[in-house]
Structures are given as C-alpha cells and as structure tokens.
Amino acid sequence: MMKKRSRTDLDQAVVNVCKRELGQLSTRDFAHRLAASEDLVLRLAIHKKLEKHEGCVNTLSFNSGGDVLISGSDDLRVILWDWETGRVKLSFNSGHRNNVFQAKFMPFSDDRTIVTCAADGEIRRAQILGGGEVKTTLLGKHKDSRVHKLAIEPGSPHIFYSCGEDGVVQHFDLRTRSATELFTCRSINDPRSLQPYVHLNAIAIDPRNPNLFAVGGMDEFARLYDIRKYNWDGSSDFGQPADYFCPQHLIGNGDTGITGLSFSDQSELLVSYNNEFIYLFTRDMGLGNPPFPSFSSPISMGSDTSEVEPGSIASSSSMDVDGKNAAQAYKGHRNCETVKGVSFFGPRCEYVSSGSDCGRIFIWKKRGGELIRVMEADRDVVNCTEPHPHTMALASSGIDSDIKIWTPKAIERATLPTDIGQVKPKARGWMYRLASPDDLMLQLFSLQRQRTSPESVAQNSVMDRELLELILSFNANSDVSSDDGGDTANLDDSLG
C-alpha cells in the first residue's frame, strides 16, 4: 500500500521556504532539511540495477564527488560504475585469489588509487594508469586470515588501516609501501573463548577526529583506540583500548559478535551485532577499562525480532542499570547469516540503514529508533547499504550478483510491510565460502543455538537440512584450492 503526501509535510515545506526567503534559514541548511526529509526516504525506489559481476557483491563505495560507485565481488573483479546511467567505466581483475571484501578510493588521488582486501588475507593497491590500464600490487597480508574491512583516514591520500580474523590491526602508509602491525586484539579474560584473540570483522575511523578508530569482531565489545598513543619504535604495548562500548545486557554474552561499525559526523558510533540488534553510542557511554560488571536486562528481547512491532520505538528504556543514558537500539532486521555492514544515511546522518537476512533494506530514524522503511532488495540476503555522500540516494548489494541503486523517484509514499523480519525459505547463499574447520564450527554452533531456542523447535527439520547442506558445502570446498575460480584473465579489462 502507498499513501499520499501528508498535509504536515506540505506545511513544513512551506515554512522552510518562507524561512529561507526571510533569511532565517541559510541556503545550506535549507538544502540539508530538504535532503533529509522523511518524505524522500518513503519515496525511495530502484533507479538502476547494475549488472556485470558474476558473484556476490560484497563491497560498495562512492568516490568523494559521488559520481562514481566502486564495487568488489566473489568473482575477484573490481568495477567502477557511472551509477546514474548504469554504465561500466572500468572493470579489472583485483589480483586477489579469493573473494573481494572491500574496495575503496584513496582521497585526493583523482580516483586513480584504490585499495582492496579479500578472503585471501591480502591488502592490495590498484593504480589506474593512462588508457584504462590497471596495475595492482601487494601491500600486506594477514596470515591465514580473511580481511573484511579497511578504514581510510579522512582527507589523507596515504593512510589507511586493515583488520583481520587473526585479530591483527595493521597501519599502511602508501608513501613507505610498508605495513606496520599495531596490535593483536585480545579476548578479555574469557575462559570460554576458544581463541586468545578476537576475530575482527570491522574497523572505522572517527571523521571528526581521525586519531580515533574502533574495531569490532567475534565478541561483544567495540574497542576504541587512539593512534597518538602508539610509539612507532614499538617500545610500548598499544593493545590497550582507550575505551570499550557494549550494551549492558550483552556484557558476558558469548553468543553474539559485531559485524559492522560506522561513525557519524557527530562522532557517534553505530555497532551492528550478530544475532542481536544495532546500537548507537555516544562518547560518554564508554565503559572505561575492564573488568566490567555483567548485567542481564529483563527487558532484553535477545534476537527474536519477530516480536517487534513495525514502526515501534526501539528502546524499552532510555537508562541503563547505572542510571546513565543507554545506547539507542534499532530493531526489526535479522543479522545471523553473513557479515553485514551498517551505515548512517542522510546529509547529517539523520537515519540508520542495514541489510537483513530476509533480503530487505531497513531504515530507521536515528533519533528514537523508529523503523520507517523496509525495501525488498535481494532474493536472499542484503549485506551492504552504501549512502551517497551528497544526495538522498542509496546503493545496496548482497548474495545476488547485481547492485541496486535507490533514489526518491516513487510518486507515492511507501508503507511498512506486515511480515517484517520474516526470513525467506532459501537464504542459503553465503557471503564467503567455508574455508577452514573454524568456519564450519562457527556455523555449526550458530545452527545449534537456533535449534535449541524455544521459538525454533517447530523448525528443527529445516535446521537439519541446513546442517546437512553446511557439512556438504564444507566438504566440497575442502577439495578446492584457495585460489580456485581466480583466473579472470579472460575477462574484459577495458573501459566500458
């Protein structure tokens, strides 16, 4: 169902125009208010489908100007798109031997320097030369570990960071062509931990203070670090975070982990949890240094998003057990299947967006956490939602091999569907292969938790089939070398 533009929206628009004409509202603020309008969010519709990749699309990123979108895929290729027309500007082999997980432009490089990371553990640089020729070089590697994310220092054409499932965070300076291993992220004295380090999935830099960066992985804590505390001669232990962030009710919860991080332009930290929700932290919500008191909240809803009413306020309480402001929660989506990112949306980060296991995009108001939009975007799972840097446009991708571009072109306003969070019957496309016994065990534990949960008893036959598929998938993949499917030399590397 759709609904027409409300009278309130029209009245507010008239008021803003009058304020602008009277000089009470600057042209810039007027443009921001218009671009952040909820009316535009409710009119988002597919503008283009970008179809060139031959595998899951794991990463999307716009250039600073917003006219070029870069993507990377399981097909080992990186593509630069003119997203407005859907034209391929450039397609090239990344040089990686396994699924490409991230590709980003370096700032102030005239969009000719791209850094990438992948499931092969490598971090590479691609330089676009004259005539569309591309030269790729190896910059560093995480040994026997996938690398999901890179973090580019804002405004720097040289500096970026990587984090891997080996728990290691590395610092790169393109001027020196060398990587500096900063630290290994350690578990916080958890006797249940199978590893002495934390498998890292996400890293993000605070745009207002690029000295600060956060990492998150397979435990409940987002850790904040200050690069100014690092002694470049290696004479000090940099592994101690400046702060920790975690909802009180998740402290001590060994069944969840972090899949995505994002900083707003107001230094707020957005954290997406596997088997749980998304939370927004301000700097004053830090936990300090361990040990932390554990807290089991009676109002916590765990990972059962089926009980969340569409459009409801996400937080049951605005205060935590210590009487401090609690992190804002965003609920309704499902994040169990893959390593999903999370992002702010809008010119001043007015909204929060995420993909979901049900193949949809979820958009919430940042303030209050109200769910306002759910969009069908993938046959299986949506992993990436990438906001345009200047306009109300969004790119999304996931298990499907195409990319959807969303713009506010719909004539009518959308309403929320009634089956929010319902996972589709066949959501068995994995963002990456099961490459090791560790991967298999993690997925087996996840399925076992789902089998033993009260709400899943009736679905045990489905779980049994999934368990069998998982084991068969692992056995099949074990017979394939790590660089299978990596020969893309016959694909067209020319300008589109």
Side-chain angles (χ1 to χ4, degrees), residues 1-21 25 27-51 60 62 66-67 69 81-87 309-312 330 332-333 343-356 358-368 370-379 382 384-398 400 402-422 424:
M1 290 180 60
M2 301 286 180
K3 62 181 181 181
K4 295 183 178 180
R5 187 189 299 261
S6 69
R7 182 67 185 177
T8 303
D9 293 327
L10 292 172
D11 292 343
Q12 186 60 51
V14 171
V15 170
N16 287 336
V17 170
C18 291
K19 285 185 176 180
R20 184 191 63 176
E21 295 303 312
L25 188 65
T27 301
R28 181 179 180 181
D29 286 341
F30 177 80
H32 280 164
R33 287 191 185 185
L34 179 63
S37 167
E38 182 180 338
D39 185 69
L40 295 184
V41 177
L42 297 179
R43 296 178 190 276
L44 288 172
I46 294 178
H47 167 73
K48 290 284 184 181
K49 288 186 180 181
L50 309 182
E51 300 174 308
L60 299 171
F62 288 97
D67 59 320
L69 178 72
W81 306 84
D82 179 340
W83 62 269
E84 290 192 88
T85 64
R87 185 176 69 90
E309 291 297 327
S312 65
Y330 305 91
H333 72 309
S343 61
F344 291 96
F345 186 39
R348 288 179 174 168
C349 304
E350 293 88 352
Y351 304 96
V352 170
S353 69
S354 173
S356 174
C358 60
R360 293 161 167 160
I361 298 170
F362 284 67
I363 301 178
W364 301 263
K365 289 183 180 179
K366 186 181 75 174
R367 290 186 178 180
E370 179 188 358
L371 178 63
I372 63 170
R373 190 72 203 272
V374 176
M375 304 183 295
E376 298 283 346
D378 194 284
R379 288 173 296 179
V382 177
C384 304
T385 60
E386 181 68 14
H388 190 276
H390 310 303
T391 66
M392 187 60 77
L394 190 71
S396 69
S397 66
D400 288 348
D402 65 4
I403 301 161
K404 279 86 171 178
I405 302 294
W406 305 80
T407 60
K409 57 182 285 186
I411 297 175
E412 303 291 343
R413 303 187 347 156
T415 58
L416 290 173
T418 58
D419 58 345
I420 291 175
Q422 181 178 329
K424 297 174 183 177

Student: Run through S356, S343, S354 and flag the one making a side chain to side chain donor-acceptor pair (under 3.5 Å) with T385.
Tutor: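 Exactly one candidate clears the test, S343.
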Student: Between R43 and I411, is there a donor-acceptor pair closer than 3.5 Å when you use the side chain of the first and the backbone of the second?
Tutor: yes
Student: Test your reading of the model: is there a side-chain donor-acceptor pair from H388 to the backbone of G66, 3.5 Å cut-off?
Tutor: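 It does hold such a pair.
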Student: Using a 3.5 Å distance criterion without hydrogens, assess whether the side chain of H333 forms a donor-acceptor pair with backbone atoms of G355.
Tutor: no
Student: If you take all heavy atoms of W406 and A377, which pair is closest and at what distance?
Tutor: CZ2-CB, 3.7 Å
Student: Measure the spacing between OG1 of T85 and NZ of K48 and express it to the nearest 0.5 Å.
Tutor: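 With rounding to 0.5 Å, OG1 (T85) is 7.0 Å from NZ (K48).
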Student: If I take atom CZ from residue F345 and atom CG from residue L394, how far apart are they, to the nearest 0.5 angstrom?
Tutor: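 Result: 5.0 Å between the selected atoms.
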Student: To the closest 0.5 Å, what do you measure between CD1 (I46) and CD1 (I403)?
Tutor: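 Result: 12.5 Å between the selected atoms.
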Student: Are side-chain heavy atoms of R413 and D39 found at a separation under 4.5 Å?
Tutor: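 The answer is yes; the side chains approach within 4.5 Å.
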Student: Begin with the C-alpha distance, continue with both residues' side-chain angles, and end with the deciding distance and a verdict on side chain to side chain contact (heavy atoms under 4.5 Å, CB included) for E84 and D67.
Tutor: CA-CA 8 Å; E84 290 192 88; D67 59 320; 5.5 Å; no
Student: Check A393 against T407 and note the closest heavy-atom contact, atom names and distance.
Tutor: CB-CG2, 4.1 Å
Student: So do the side chains of R360 and V382 get within less than 4.5 Å of each other, counting heavy atoms only?
Tutor: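 They are not in side-chain contact.
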Student: Of all residues at least two apart in sequence or in a different chain, which pass the salt bridge (Lys or Arg N to Asp or Glu O under 4.0 Å) check with D402?
Tutor: K404
Student: From R373 CZ over to L40 CG, what is the distance, rounded to the nearest 0.5 angstrom?
Tutor: 11.5 Å
Student: Rounded to the nearest 0.5 Å, what separates atom CD1 in I361 from atom OG in S396?
Tutor: 3.5 Å
Student: Ignoring hydrogens, what is the shortest heavy-atom contact between L44 and P408? Give both atom names and the distance.
Tutor: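 Smallest interatomic distance, heavy atoms only, reads CD2-N, 3.7 Å.
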Student: Which atoms form the tightest heavy-atom contact between F344 and K366, and what is the distance?
Tutor: CE2-CD, 3.8 Å
Student: Does K365 have any side-chain contact (heavy atoms from CB on, under 4.5 Å) partners at least two apart in sequence or in another chain, and if so, which?
Tutor: E38, Y351, E370, I372
Student: Measure across A395 and I405 and return the closest heavy-atom pair with its distance rounded to 0.1 Å.
Tutor: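 Residues A395 and I405, closest heavy atoms: CB-CD1, 3.8 Å.
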Student: Within a 6.0 Å radius of atom NZ on K49, are there more than 12 heavy atoms belonging to other residues, nucleotides or ligands?
Tutor: no
Student: What is the minimum heavy-atom distance between F62 and P387, and which atoms define it?
Tutor: CD1-O, 3.4 Å
